[in-house]
Chemist: 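Quick one: the structure is below, and I'll ask about it shortly.
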Amino acid sequence: MSRTNTTARYGSVAKTFHWLTALFILTALAIGFIAHNAPYEDSAQLAIKANLFSLHKTVGLAAFFTALLRILWAFTQPRPKLLNGDHKLEALAAETAHWVLYGAMVLVPLTGWTHHAATTGFAPIWWPFGQSLFFISKDPDLAATLGALHYVFMILLVLTLLAHVGGAIKHAIIDRDKTLQRMLPGTPELPDVPAQQPGHFLPIAGAASVWAVVLYIGAFSGLFAHDQNTGSAAQLAEVSSDWQVQSGSLEIAVQQFGAEVSGEFADWTAQIAFDEAATDGKHGDVTVTISIGSLTLGSVTNQALGTDYLNAEGFPTATFTADILAAETGYIAEGTLNLSGHDVPTTLPFALVMDGDTANMTGSLELDRRAFHVGDDMTDESSLGFGVAVNIALTATRTE
């Protein structure tokens, strides 16, 4: 069998690319469906779910690169003519589906890959080339958009594949021609190909129209809305304080399957009393109130806010109340953190830089999630680390 195409039949290279791409795409679709529906109630189930998603992403990338090679090869080869090219409407539909399928074979895995790169989360791709893309930033809104595009394009891919398979079956059973056979191994005898064939412009224009309609439906249905968590965040009241926070961040990071997953709380308040001169060994006190529902934590935000973890619905706020004391270097805030209904003694060391009536504070500590009964079912630290790194930074001005 010839490796190259003719106007009547496909060569061995085109056939290999065709069936290898089909294998990767169908495998990725099946694994993705199973992974999406897999439970994750304990460490063992979460590990299985993560491995399924890693396999889905890895096979998806294999499909992407194979599809690219297939398309590049096709552009260097003559395309076998349609055996029913004189049936104008059917031939136009077949060619349009062909172009839609080419786009979907590339865009589905590409949007999945870029979504992975934009997301802070679990389930790494199993390859040695890293998890990030230099042109994709870690951005929850971008990740949400790419995830929605991946889903919409996947639906179109499935529908187009069904049409493609249906057309092949029609050719084999109803038309009884050799359209299907010429993509199978071997070189069947073929009848003369009808001279009349659809042009290139109308199928390409038709495919572009299909993509435009799909994107419009996706936008109209709200799939591209940036809703990162399903819970509602507690609204915090303004606080009266000797020091008014002008800006700041409250970030956390955990280890999941050996990779860091980081995020931050968007809404929190700090009621601060502080004086450079100590009174009875104290420089003041602080009360920090955090809206738990305002957390964004990459692809696992909704899981983190669920009842088995931070339980944002049952315990919508966390409170850290502490005295401010001098340390060998800098200061410490020594007190109690109430989180998920549990009070745990907590010490936050921090550095303070004063500039007149402006203070710049940075501090960090590590909490043990088990002390707050967060993720009690996650007993395997390789699945979900016990330690949670907390980093806080703020700039405040004196109000007195």
Chemist: Does the pair Lys282/Asp280 count as a salt bridge with the N-to-O cut at 4.0 Å?
Modeler: no
Chemist: Under the side-chain contact (heavy atoms from CB on, under 4.5 Å) criterion, do Trp127 and Thr58 qualify, and how do the steps go?
Modeler: CA-CA 8 Å; Trp127 70 347; Thr58 306; 5.6 Å; no
Chemist: Go through the steps for Ile292 and Phe315 under the test side-chain contact (heavy atoms from CB on, under 4.5 Å), then give the verdict.
Modeler: CA-CA 8 Å; Ile292 296 299; Phe315 301 96; 6.0 Å; no
Chemist: Please report the closest heavy-atom contact between Leu305 and Gly293, naming both atoms and the distance.
Modeler: CD1-O, 4.1 Å
Chemist: Taking the inter-plane angle between the rings of His164 and His18 on a 0 to 90° scale, is it parallel (under 30°), tilted (30 to 60°) or perpendicular (over 60°)?
Modeler: tilted
Chemist: Decide yes or no for Asp175 and Glu90: does some side-chain heavy atom of the first lie under 4.5 Å from some side-chain heavy atom of the second?
Modeler: yes
Chemist: Can you classify the ring geometry of His98 versus Tyr102 as parallel (below 30°), tilted (30 to 60°) or perpendicular (above 60°)?
Modeler: tilted
Chemist: Please check if atom CZ in Phe65 has more than 12 non-hydrogen atoms from other residues, nucleotides or ligands closer than 6.0 Å.
Modeler: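 Buried by this count: over 12 neighbours within 6.0 Å.
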Chemist: Using a strict cut-off of less than 4.0 Å between a Lys/Arg side-chain nitrogen and an Asp/Glu carboxylate oxygen, indicate whether Arg398 and Glu276 qualify as a salt bridge.
Modeler: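 Result for this pair is yes, salt bridge flagged.
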Chemist: Kindly indicate, with the supporting measurements, whether the criterion side-chain contact (heavy atoms from CB on, under 4.5 Å) is fulfilled by Leu297 and Tyr309.
Modeler: CA-CA 13 Å; Leu297 194 62; Tyr309 295 89; over 6 Å; no
Chemist: Report, as yes or no, whether the 6.0 Å neighbourhood of atom CG on Asn37 holds more than 12 heavy atoms from other residues, nucleotides or ligands.
Modeler: yes
Chemist: For Ala104 versus Pro109, what's the shortest heavy-atom pair and its separation?
Modeler: O-CD, 3.9 Å
Chemist: Count the heavy atoms belonging to other residues, nucleotides or ligands that lie under 6.0 Å from CG of Leu89, then report whether that count exceeds 12.
Modeler: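 Result for CG/Leu89: open.
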Chemist: Answer yes or no: does atom OH of Tyr40 have more than 12 heavy-atom neighbours from other residues, nucleotides or ligands under 6.0 Å?
Modeler: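 No, not enclosed.
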Chemist: If you measure only the distance, is there a donor-acceptor pair under 3.5 Å linking the side chains of Thr397 and Asp357?
Modeler: no
Chemist: With a 6.0 Å cut-off (strictly less than), is the heavy-atom count around CZ of Phe134, excluding the residue itself, greater than 12?
Modeler: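 Atom CZ in Phe134 is not packed in, count stays at 12 or less.
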Chemist: Between Pro80 and Asn5, what is the shortest heavy-atom contact and its length?
Modeler: CD-ND2, 4.1 Å
Chemist: Taking atom NE2 of His373 as the centre, does the number of heavy atoms from other residues, nucleotides or ligands within less than 6.0 Å exceed 12?
Modeler: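 Check passes, neighbour count above 12.
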Chemist: Tell me whether the rings of His56 and His150 are parallel (<30°), tilted (30 to 60°) or perpendicular (>60°).
Modeler: perpendicular
Chemist: Take Leu180 and Ile169, measure what side-chain contact (heavy atoms from CB on, under 4.5 Å) needs, and give me the verdict at the end.
Modeler: CA-CA 8 Å; Leu180 176 60; Ile169 293 174; over 6 Å; no
Chemist: Determine the sole option in Asp343, Thr289, Thr319, Thr346 for which the side-chain hydrogen bond (donor to acceptor under 3.5 Å, both in side chains) test with Asn338 is passed.
Modeler: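 Testing each of Asp343, Thr289, Thr319, Thr346 against Asn338, the sole residue satisfying side-chain hydrogen bond (donor to acceptor under 3.5 Å, both in side chains) is Asp343.
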Chemist: Out of the candidates Thr317, Val344, Leu310, only one should pair with Leu339 under the side-chain contact (heavy atoms from CB on, under 4.5 Å) rule; please name it.
Modeler: Leu310
Chemist: Specify the closest pair of heavy atoms between Arg70 and Thr21, including all atoms of both residues, with the distance to one decimal.
Modeler: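 Minimum heavy-atom contact is CD-OG1, 4.0 Å.
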Chemist: Taking atom CD as the centre, does Gln45 end up with more than 12 heavy-atom neighbours from other residues, nucleotides or ligands that are less than 6.0 angstrom away?
Modeler: yes
Chemist: Do Leu149 and Leu133 land in one hydrophobic cluster if side-chain heavy atoms of ILVMFWY residues count as linked below 4.5 Å?
Modeler: yes
Chemist: Are Leu52 and Ile125 connected, step by step, through hydrophobic side chains (Ile, Leu, Val, Met, Phe, Trp, Tyr) whose heavy atoms are closer than 4.5 Å?
Modeler: no
